[in-house]
Amino acid sequence: MENYLDLLNEPQRKAVEATEGPVMVIAGAGSGKTRVLTYRIAHLLNKGVDSFNILSLTFTNKAAKEMKERIANVVGHSEAKNLWMGTFHSVFARMLRVEAPLLGYPSDFTIYDQQDAVSVMSKIITEMNLDKDIYKPKQVLGRISQYKNNLITVRAYHNNQALIEADAEAMKPRMGDIYRAYVDRCFKSGAMDFDDLLLRTNEILTRFPEVLSKYQERFKYIMVDEYQDTNHSQYLIVKALASRYENICVVGDDAQSIYAFRGANIRNILSFKQDYPDAQLYPLEQNYRSSQNIVQAANTIIAHNQDQLEKNVWTSNEEGEKIAVYRALSDADEARYIASQIWERQISDHLQPKDFAILYRTNAQSRALEEALRKRGIKYRVFGGTSFYQRKEIKDMVGYMRLLINQNDEEALLRTINYPARGIGQTTISKLLVAADQHQSTLFNIVENISMYAPTIGINAGTSNKLNDFALLIKRFQVMLKTHDVYEVTMEMAKATGLLRTLKEDSTPEGISRLENVQELLNSIQGYVDEQKQLEDGDASLSGFLENIALATDADNTDEDDNQVNLMTVHLAKGLEFPVVFIAGLEENLFPSMMAVNTRAELEEERRLFYVALTRAEKVAYFTYSVSRFRWGKIIDCEPSRFLEEVDSNYLDWKNLHIPTQRNSNNSGLSADLFGDDNYSAPARYSSESREKSAARQNPNIRRATPTPPKANFKPVGETKSTSANTANHLGLQIGQVVLHDRFGRGEVKDLQGDPSDMKAIIHFDTAGEKKLLLNFAKLKIIS
DNA sequence: GTGTATCGAATTTTT
DNA sequence: TTCGATACAC
């Protein structure tokens, strides 16, 4: 066995060896925290701790899986197999399968995802005759999520005058009733939402001391990764479980806390010392991931935040390239630039598609990027957005599967009862809902015994038969599930319900893709069943599969052999690293988000997000922004992000300030109206910008917390004019001229093609040979 | 009860 | 621009 302790630096090794008592590892970006966690667990196992006694909470299930494999490589598979590892949600869902009946839930409870929750909430709001514009389902759910994550149950809410008043003041006096109705409805459906998984765990641990004791004894050693992003509910679970042995090790970095919006409480990490006064503290400050330029630029960013633990992240890696900053004319232009850079770097730096990541603030930004990559024929993969399991056809199929496990799952029933169409329409469903309410029964129960209820609720014989058929269909497969394997049952069901047939009838491209998706789902079931059968402690049950997909995140689904450019939001990129990273859309109101510039706390979280984004990069980073962007079906003007100004300009390389200069030199006009001239040169804009500047001059403290050196500014006009003298633009370049390119070196212009706004040049380079370059992107210097 | 047309709203991030 | 909900015709 390798001696893993030799692979660690001093603080890492100490953190690994400090197995007893509370430990906090403050791990700067790229400082090897996964390594520490992995070897710490391996070390525990080596010391003779039973894997059964170790609980390790990670941020994604994928991280858990990878870590488990790495541990198995050090200590062997049989040692590693009993480790409880996973996200809070999946670990405690697993625990609740055993313990939830204590609270009156079935052990096969359904997990409602966001979509299910919204759907339940919309119905409740409609039924209560409330205004959908005041009680927006998503917003209301967000509020309820806050309650739950702070352990405010329905009863606690109604005893909390301050909360009730706060909601009344927020124009939502009915929140309490809605909360109650929502919780009731979920409970009747035998369902938990994401927050319930944590809330109910807390409830069990507090109400049933013997259960708490059982898990305290079991989890003698607890490790929590990304501790800065735990919410109050998670914090309490950890605290309760660890309170007997106090062998708790938390790892995190306050500078990377980016989930406050979903209840993460940065105080959890900032006050660990108060919770455990004798805690040992191990800061990891050496960054092994990124170049000096990237590490130092990131440090200058985070220095603008007030709330943070002191630390000094440094690296002994090479200096690396400066961060390229590109100013685009439109989101499409930005995307084209990024695609072209990827294209060029694949060749010049011998990189593969998977070495690149394009990070952005919002999922909607992926569209333009995808298009540009497609045009270039670059393979890419988009993470997040509407994931596979949220597609309608998948949710339909899964709906049937959920009904087999938990027939009271109302969302699943409503989704499937008339899809494919069986002649059970809205009127019938309303009648059923009324009946269920009257008889204090579940919807399925009414459907199942429809012959009994039909006369009283005015359902005719024909409809009654259809309902009966549906109930029998479900029952039939419930029985089949007892004797057949999960794949066989679902396959049969896909056929018998008519779902496959309906999809096959649709020959549009979308229809075909829907059918493929369902087939893909069936394949993955088969894969799951096979995989679990191999495992000693495998769970090849349908409920196991459903739990897996309910808690699967997009980040979990990477195929290792996928060699594709990665597109994702910054949030999803947490914990990942790539040789080359593009951070796109660095504009005010986008990054930082329009919704997050009102308070210092919000803005600091956006800044941490920017910090996380940059620290994903190993070798090369790019910042791009655009002066206009397609949003809400319109082209809107954008201003560069304030974050760009916060980075020390010593680490930046401003790529193309020549474009605005040329556009304003007014010698052509041909390209000027490409995006509408007034998009960025309208007088109003200049005057507002200069007002701002003069205000800043009068009071330098207005705009910057710390002074930054003066530098070439974003201002498109005047100031930058002089740079056009030796910078090539498509108007100045002529065939026969000799130019200098950043990477390709000296070359001669052979030909110019395309219209002036999008001109390409064929250039023969002395060393690199003939290249076709887009003049909007290529930075050329004319030397003769 | 089903299918189509038209209008309106929407974008912050996710387990 | 795209998605979803609602209204209306069959």
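Keep in mind the model is a prediction, meaning the values are calculated, not measured. Letters A, B, ... are given to chains in the order of the sequence lines, protein chains preceding strands, and every chain is numbered from 1.
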Counting only side-chain heavy atoms from C-beta out, which of [options] sits nearest to [X]?
X	options	result
A/Met595	B/dT15, B/dG1, B/dT12	B/dT12
A/Phe261	B/dT13, C/dT1, B/dG1	B/dT13
A/Thr428	B/dT15, B/dT11, B/dG1	B/dG1
A/Thr362	B/dT14, C/dT1, B/dT12	B/dT12

Note to self: Taking only the C1' atom of each, what is the distance from B/dT11 to C/dT6 in whole angstrom?
What the structure shows: 23 Å
Check: Do the side-chain N and O atoms of A/Ser257 and A/Asp254 include a donor-acceptor pair separated by under 3.5 angstrom?
Finding: no
Note to self: Are more than 12 heavy atoms, taken from residues, nucleotides or ligands other than A/Arg374, located less than 6.0 Å from that residue's CZ atom?
What the structure shows: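 Yes - once you tally the heavy atoms of other residues, nucleotides and ligands closer than 6.0 Å, there are more than 12.
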Please determine if a side-chain N or O atom of [X] lies less than 4.0 Å away from the OP1 or OP2 oxygen of [N].
X	N	answer
A/Ser593	B/dT11	no
A/Asn363	B/dT14	yes
A/Asn418	B/dT2	yes

What's the [atom1]-[atom2] distance between [X] and [N], to the nearest Å?
X	N	atom1	atom2	result
A/Asp131	B/dA9	CG	C1'	14 Å
A/Gln146	B/dT14	CD	C1'	15 Å
A/Glu371	C/dT2	CD	P	10 Å
A/Lys136	B/dG8	NZ	C1'	13 Å
A/Gln115	B/dT15	CD	C1'	15 Å
A/Leu359	B/dT13	CG	C1'	13 Å
A/Arg367	B/dT11	CZ	P	13 Å
A/Arg631	C/dT1	CZ	C1'	14 Å

Notebook entry, point to check: So among A/Phe261, A/Phe59, A/Tyr360, which one has a ring-ring contact (aromatic ring centres under 6.0 Å, His included) with A/His571?
Noted result: A/Phe261
Contact class for [X] (heavy atom, under 4.0 Å): base, sugar-phosphate, or nothing?
X	result
A/Ser90	nothing
A/Phe88	nothing
A/Asp195	nothing
A/Asp113	nothing

Notebook entry, point to check: Parallel under 30°, tilted from 30 to 60°, perpendicular over 60°: which one fits the rings of A/Trp84 and A/Phe219?
Noted result: tilted
Next item on the list: Determine yes or no for a side-chain-to-main-chain donor-acceptor pair under 3.5 angstrom, with A/Asp196 supplying the side chain and A/Asp193 the backbone.
Entry: yes
Item checked: Audit row: A/Thr624, A/Glu334, side chain to side chain donor-acceptor pair (under 3.5 Å) steps and yes/no -> CA-CA 7 Å; A/Thr624 64; A/Glu334 177 185 51; 2.7 Å; yes
Next item on the list: Tell me which of A/Glu605 and A/Gln426 sits closer to the 5' end of DNA chain B, going by the nucleotide each one is nearest to.
Entry: A/Gln426
Notebook entry, point to check: When you match A/Gly423 and A/Glu606 each to their closest nucleotide on DNA chain B, which lands nearer the 5' end?
Noted result: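 Closer to the 5' end of DNA chain B: A/Gly423.
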Checklist line | Verify stack between A/Tyr259 ring and B/dT14 base, 5.5 Å, 30 degrees | finding: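 Stacking between A/Tyr259 and B/dT14: absent.
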